[in-house]
Structures are given as structure tokens and as C-alpha cells.
**Q** 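Sharing a structure with you now.
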Protein chains: 2
Amino acid sequence: MGRTPAYEADRVVRAAREVFWRAGYEGASVPALEHATGLNRSSIYHAFGSKRGLFDAAVQSYLDDVVRPRLRPLVAPDVVPDAIVTYLSGLRAALGREGEVQATSGCLLVNTSCAPIGDDDAVRRTVADYRAELRAAFGRGVDARFPGRDAAGRAHLADACTSAVVSAFALVRVDPDGARAALDSVLALLATA
Amino acid sequence: MGRTPAYEADRVVRAAREVFWRAGYEGASVPALEHATGLNRSSIYHAFGSKRGLFDAAVQSYLDDVVRPRLRPLVAPDVVPDAIVTYLSGLRAALGREGEVQATSGCLLVNTSCAPIGDDDAVRRTVADYRAELRAAFGRGVDARFPGRDAAGRAHLADACTSAVVSAFALVRVDPDGARAALDSVLALLATA
DNA sequence: TATGTTGTGAACCGACCGTTTCAGAACCAC
DNA sequence: GTGGTTCTGAAACGGTCGGTTCACAACATA
């Protein structure tokens with residue numbers, strides 16, 4: 001069988017995810033990834049093949065461990081009317097907690113979309129699917145909150161939620177107040193009957 | 001007085017702006033800037049002091065030559081009711097023209113916000129002010145379109161326009177259809193009386 | 001034409017980039 | 001134990017990074 005790895009793969013990927021999140025793909029240096037993961041580069045390259053391989057694993061972990069758990073109440077068989085509000089106000093609060101990754105660096109995938117690595121086809125598909133996943137979840141959240149409203153109105157509201165979240169992620173690094181304002185605005189639309 | 005520069009400063013800055021727009025600050029290499037501007041690095045450093053100095057000039061040019069001319073109808077003393085619709089549908093069309101910088105790379109300032117350079121204080125202020133400028137312009141555009149509507153409703157609509165534009169910029173690189181959908185959604189809200 | 005100033009090209013700087021190599025350590029099966 | 005396989009640390013790879021240096025070209029002035 002051979003020598004036993006001295007690390008836990010999940011922990012390594014999570015640590016790398018944090019580095020990519022803050023610094024971006026091109027800005028995350030191999031020494032920084034070594035330091036964060038505690039692994040020597042030879043082990044990183046042995047396990048993941050390349051910096052890009054580690055990045056892909058980090059993106060998968062971001063989707064599985066960060067995005068989808070928070071979206072779960074919005075994609076469950078039964079969606080509670082408050083689910084969409086809970087999600088958005090939870091995000092609003094997270095963007096205010098200084099020091100946390102989300103507050104300082106927004107969203108790994110939105111950041112990726114704005115960088116040259118976003119031109120890569122595989123990355124492009126991943127981020128586009130992520131946006132669609134967000135939109136679908138918000139669509140169900142809005143439907144659960146305003147079941148009586150007409151379909152077009154609900155769709156526009158779900159679109160507004162999607163745009164608010166994406167723009168909040170995109171701007172939080174430079175303008176946390178503006179990011180929170182975007183979320184507050186759609187929260188107000190969701191509060192009115 | 002000394003030797004006459006062999007270049008036109010404006011042309012140099014505009015060429016550099018394009019490189020930063022596509023590649024981002026950290027991704028724009030000095031050789032790439034030399035090639036785009038036609039200047040040797042010694043001339044670049046003589047004129048702008050550093051890569052960052054050239055970037056700052058490029059950002060200023062982006063605001064003066066790209067952003068503000070398009071926003072002008074929305075900040076004029078008299079704002080036409082169609083101004084906001086004209087702006088958004090113009091942006092929608094621009095995001096669809098393949099090959100153009102806007103379609104492939106979104107917005108220089110949004111991209112900057114999502115990158116590590118966004119942590120710089122001066123950059124932070126610049127992008128935050130840009131967002132505020134956008135929001136103010138859209139506010140006037142919405143006011144001109146729906147003068148009879150209540151203030152809160154107009155504010156939420158202006159917020160939705162701001163978020164739609166920012167998110168369209170943030171996503172156009174990976175998801176042009178999603179970006180256009182965000183704009184279409186607010187355009188629909190602006191079409192209804 | 002002589003002088004002082006400014007712009008330009010080429011060569012070079014140390015630092016860092018992502019990646020590879022390789023010897024040896026740690027484990028399994030026999 | 002022995003052999004085969006896998007993981008790990010250190011060192012080194014060529015290439016590129018942003019930035020500097022310097023000799024010289026090109027101009028304004030006197």
C-alpha cells in the first residue's frame with residue numbers, strides 16, 4: 001500500500017479554499033498554499049497534480065460546504081415563507097462580521113468570475129451553474145413567500161434577489177455599506193405583503 | 001526644455017486601460033503594457049512612476065471617458081423619462097457585442113473590487129464612490145420615469161437597477177446570458193406604468 | 001554651436017512564479 | 001526481515017515579475 005498520508009484531504013482543501021477566496025486564483029502563491037495547508041509543495045502536487053487541481057477541489061468544497069448548506073432551506077421539498085428572508089438577512093449579517101472571509105472577500109465564485117481565470121471554459125460553466133442555482137433557490141423562496149402573486153412579478157423579485165446577492169458579493173470588499181444596502185433593499189421588497 | 005515625448009499621453013493611458021480592464025491590475029504584466037502602449041518601460045516609469053501610477057491614470061480615464069459620458073443623460077439638469085431605459089438597454093446591447101471589452105471583461109472597477117487590489121484604501125474609496133455615482137444617477141432616472149410613485153418605491157427600484165448593473169458586470173465574463181437576464185428583469189420593471 | 005534638460009532603448013537587477021526532481025522516510029504484503 | 005509502493009522534504013528548474021540603471025538621442029535655450 002505504501003506510506004500513510006500525514007494530512008486529512010478535507011482539511012487541506014478547506015485551508016486552500018480560504019487562500020483562493022481571499023487572494024484569487026492567480027494571487028494565491030504556492031508558498032501561501034503550503035503555509036495554509038501545512039503541506040510541502042511536493043505533497044500538494046502529488047495529491048492534486050497542479051495549483052489548478054487544488055483550486056478545482058477548493059471550488060467543489062466551496063459549493064458543497066459553503067453554498068449549498070445555506071441554500072438548503074430554499075431547495076427543500078417544502079419551503080417556508082420566511083426562508084428567503086432568513087437567507088438574505090443571514091447573509092447581510094455575515095457581510096458585517098469583520099474578519100470573516102465573506103465580509104472581507106465576498107464570494108469565491110464571483111471573484112473568480114471577475115478575474116482572467118474566468119475565461120477558462122470549465123470555470124465559466126461552474127460559475128454560470130452557480131448563478132442558476134442561486135436564481136432557482138430564490139425563485140422557490142419568493143414563490144413560497146408570495147404564493148398569490150402573479151408569476152411575472154415573482155420572477156422579477158427572484159431576479160432582484162439574485163442581482164442583489166451577486167452585487168453585494170462583488171462590492172463588499174470595497175463598499176460594505178453599499179453591499180448591505182443592496183440586501184436591505186430587496187429585504188424591504190420581501191417584507192411588504 | 002529637453003526632448004519631446006514621442007507619445008500622446010491620452011493614447012497611452014487609454015491603451016493601458018484596456019489591458020488592466022481585461023487582465024486586472026495584478027494580471028497586467030509590464031511587457032503587456034509596453035506592447036499595448038507602444039512605450040518602453042523606461043518611458044512608462046518615467047511618465048507614471050510605477051505600474052500602480054499607470055493604473056491610477058487608467059482608472060481616472062475609465063471614469064472620465066467611459067463611465068461618465070454614458071451616465072450624462074441621467075445627471076443632466078433635466079432628465080428625460082426614457083433616460084434610464086436608454087442607458088440599461090444600451091448596456092444590454094453592449095454586453096452582447098462579442099469582442100468588445102465590456103462584453104468580455106465587464107467593468108474595470110467591479111473587477112478591481114473583486115481582486116486583492118480592492119483592499120487598497122484609495123482603490124476602495126474610488127470604487128465605493130463609483131457605486132454611489134451609479135446609484136444617484138439611477139435614482140434620478142427612476143424619479144424622472146415615475147414621478148408619481150412614492151419615494152420608497154422609487155428608491156427600491158433605483159437600488160434594483162444598481163444591483164442589476166453591478167451583477168451583470170460581475171457575471172458577463174462567465175455568463176453573458178445571465179448578465180443580460182438581470183438587465184432584462186429591471187427593464188421589465190421600468191416598462192410597466 | 002555649446003549647454004542643460006528631458007525622453008528613450010537595452011540590458012540588467014533580485015525576487016518570486018509554478019513546477020519538477022530525487023533521495024529517503026514510512027507504510028503494506030510477504 | 002525484504003521488496004514494493006506511497007508520501008515527504010529540500011533543493012533546484014527555467015521563466016517571469018516589477019523596477020532600476022545608464023548611455024545616448026532629441027529638443028529648448030543661450
Side-chain angles (χ1 to χ4, degrees), chain A residues 1-59 108 111-112 115-120 122-123, chain B residues 1-59 108 111-112 115-120 122-123:
Chain A
M1 275 270 109
R3 182 170 169 177
T4 310
Y7 57 85
E8 200 185 331
D10 272 12
R11 276 195 56 79
V12 167
V13 172
R14 276 198 298 269
R17 187 184 74 200
E18 199 102 345
V19 175
F20 286 122
W21 199 340
R22 294 185 192 273
Y25 175 73
E26 6 327 79
S29 70
V30 175
L33 292 165
E34 285 183 292
H35 180 260
T37 61
L39 262 61
N40 186 279
R41 49 185 75 203
S42 93
S43 298
I44 293 178
Y45 276 84
H46 180 76
F48 300 97
S50 64
K51 179 182 167 183
R52 176 60 191 274
L54 179 55
F55 176 74
D56 291 341
V59 165
L108 170 60
N111 297 349
T112 298
I117 178 94
D119 292 333
D120 177 275
V123 166
Chain B
M1 276 271 108
R3 182 169 170 178
T4 310
Y7 56 88
E8 201 185 331
D10 271 13
R11 275 197 56 79
V12 168
V13 172
R14 276 198 297 270
R17 186 185 73 200
E18 200 102 344
V19 176
F20 285 122
W21 198 340
R22 292 187 194 274
Y25 174 73
E26 28 278 294
S29 71
V30 175
L33 292 166
E34 286 183 293
H35 180 260
T37 61
L39 262 59
N40 186 280
R41 46 225 278 153
S42 91
S43 298
I44 293 178
Y45 277 84
H46 181 77
F48 300 96
S50 65
K51 179 181 168 183
R52 176 60 192 274
L54 180 55
F55 177 74
D56 290 341
V59 166
L108 170 60
N111 297 349
T112 299
I117 178 92
D119 291 334
D120 176 276
V123 167

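Just so we're clear, the structure is a prediction, and the values are computed from it rather than from any experiment. In the text below, chain A, chain B and the rest are named by the order of the sequence lines, each starting its count at 1.
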**Q** From OH of A:Tyr7 over to P of C:dA26, roughly how many Å is that when rounded to an integer?
**A**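 Roughly 16 Å, once rounded to whole Å.
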**Q** So which one's nearest nucleotide on DNA chain D is more toward 5', A:Thr4 or B:Ser29?
**A**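 It is A:Thr4, whose closest nucleotide lies nearer the 5' terminus.
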**Q** What is the distance, rounded to the nearest whole Å, between atom NE2 of A:His46 and atom C1' of C:dG18?
**A**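 The distance from NE2 of A:His46 to C1' of C:dG18 comes to 18 Å, rounded to the nearest Å.
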**Q** Tell me the interatomic distance from A:Glu34, atom CD, to C:dC17, atom P, rounded to whole angstroms.
**A**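 It is 10 Å, rounded to the nearest whole Å.
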**Q** Give every residue pair that meets the side-chain hydrogen bond (donor to acceptor under 3.5 Å, both in side chains) criterion with at least one member in residues 25-38 of chain A, sequence neighbours excluded.
**A**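 Those involving residues 25-38 of chain A are A:Glu34-A:Arg41.
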**Q** Give a yes or no on this: more than 12 heavy atoms of other residues, nucleotides or ligands lie within 6.0 Å of atom CZ of A:Arg11.
**A**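 Not more than 12 within 6.0 Å, no.
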**Q** What is the distance, to the nearest angstrom, from the CD atom on B:Glu26 to the P atom on C:dG18?
**A**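 Those two atoms, CD and P, are 13 Å apart.
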**Q** Before giving the answer on side chain to side chain contact (heavy atoms under 4.5 Å, CB included), spell out for B:Leu54 and B:Phe20 the whole-Å C-alpha distance, their side-chain angles and the decisive distance to 0.1 Å.
**A** CA-CA 10 Å; B:Leu54 180 55; B:Phe20 285 122; 4.0 Å; yes
**Q** Within less than 4.0 Å of OP1 or OP2 of D:dT8, is there a side-chain N or O belonging to A:Ser43?
**A**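 Checking D:dT8 against A:Ser43, a side-chain N or O does come within under 4.0 Å of OP1 or OP2.
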**Q** Regarding B:Tyr25, tell me which of base, sugar-phosphate or nothing describes its non-hydrogen contacts under 4.0 Å with the strands shown.
**A**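 It contacts nothing in the nucleic acid.
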**Q** Kindly give the heavy-atom pair with the smallest separation between A:Val123 and A:Gly118, and that separation in Å.
**A**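 Of all heavy-atom pairs spanning A:Val123 and A:Gly118, the closest is CG1-CA, 4.0 Å.
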**Q** Heavy-atom distance under 4.5 Å between the side chains of B:Asp119 and A:Arg22, does that happen here?
**A**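 No, every pair of side-chain atoms sits at 4.5 Å or beyond.
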**Q** Send over the distance from A:His35 NE2 to C:dG18 C1', rounded to a whole Å.
**A**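 Rounding to the nearest Å, NE2 of A:His35 and C1' of C:dG18 are 19 Å apart.
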**Q** Give the rounded distance in Å between these two atoms: CD1 of A:Ile44 and P of D:dA10.
**A**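 After rounding, the reported distance stands at 14 Å.
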**Q** Hey, does A:Ala32 reach any base, or is it just sugar-phosphate, or nothing, if we go heavy atoms under 4.0 Å?
**A**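 Nothing, no nucleic acid heavy atom in range.
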**Q** What is the distance, rounded to the nearest whole Å, between atom CG of A:Leu33 and atom C1' of C:dC16?
**A**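 The distance from CG of A:Leu33 to C1' of C:dC16 comes to 14 Å, rounded to the nearest Å.
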**Q** Report which part of the nucleic acid A:Ala6 touches: base, sugar-phosphate, or nothing (heavy-atom distance under 4.0 Å, all strands).
**A**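 Contact class for A:Ala6: sugar-phosphate only.
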**Q** Provide, to the nearest angstrom, the distance between the CZ atom belonging to B:Arg52 and the C1' atom belonging to D:dG19.
**A**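 Taking CZ of B:Arg52 and C1' of D:dG19, I get 16 Å after rounding.
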**Q** Could you check B:Lys51 against B:Gly2 and say which one's nearest nucleotide on DNA chain D is further toward the 5' end?
**A**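 Nearest nucleotide further toward 5': that of B:Lys51.
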**Q** Show the distances under 3.5 angstrom between N or O atoms of the protein and N or O atoms of nucleotides 20-25 of chain C.
**A**
unit_1: C:dA25; atom_1: N3; unit_2: A:Arg3; atom_2: NH1; d: 3.0

**Q** Closest heavy-atom contact between B:Ala28 and B:Lys51?
**A**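 That closest heavy-atom pairing would be O-NZ, 2.8 Å.
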**Q** Output the distance between atom CG (A:Asp56) and atom CZ (A:Phe48), rounded to the nearest 0.5 Å.
**A**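 These two atoms lie 11.0 Å from each other.
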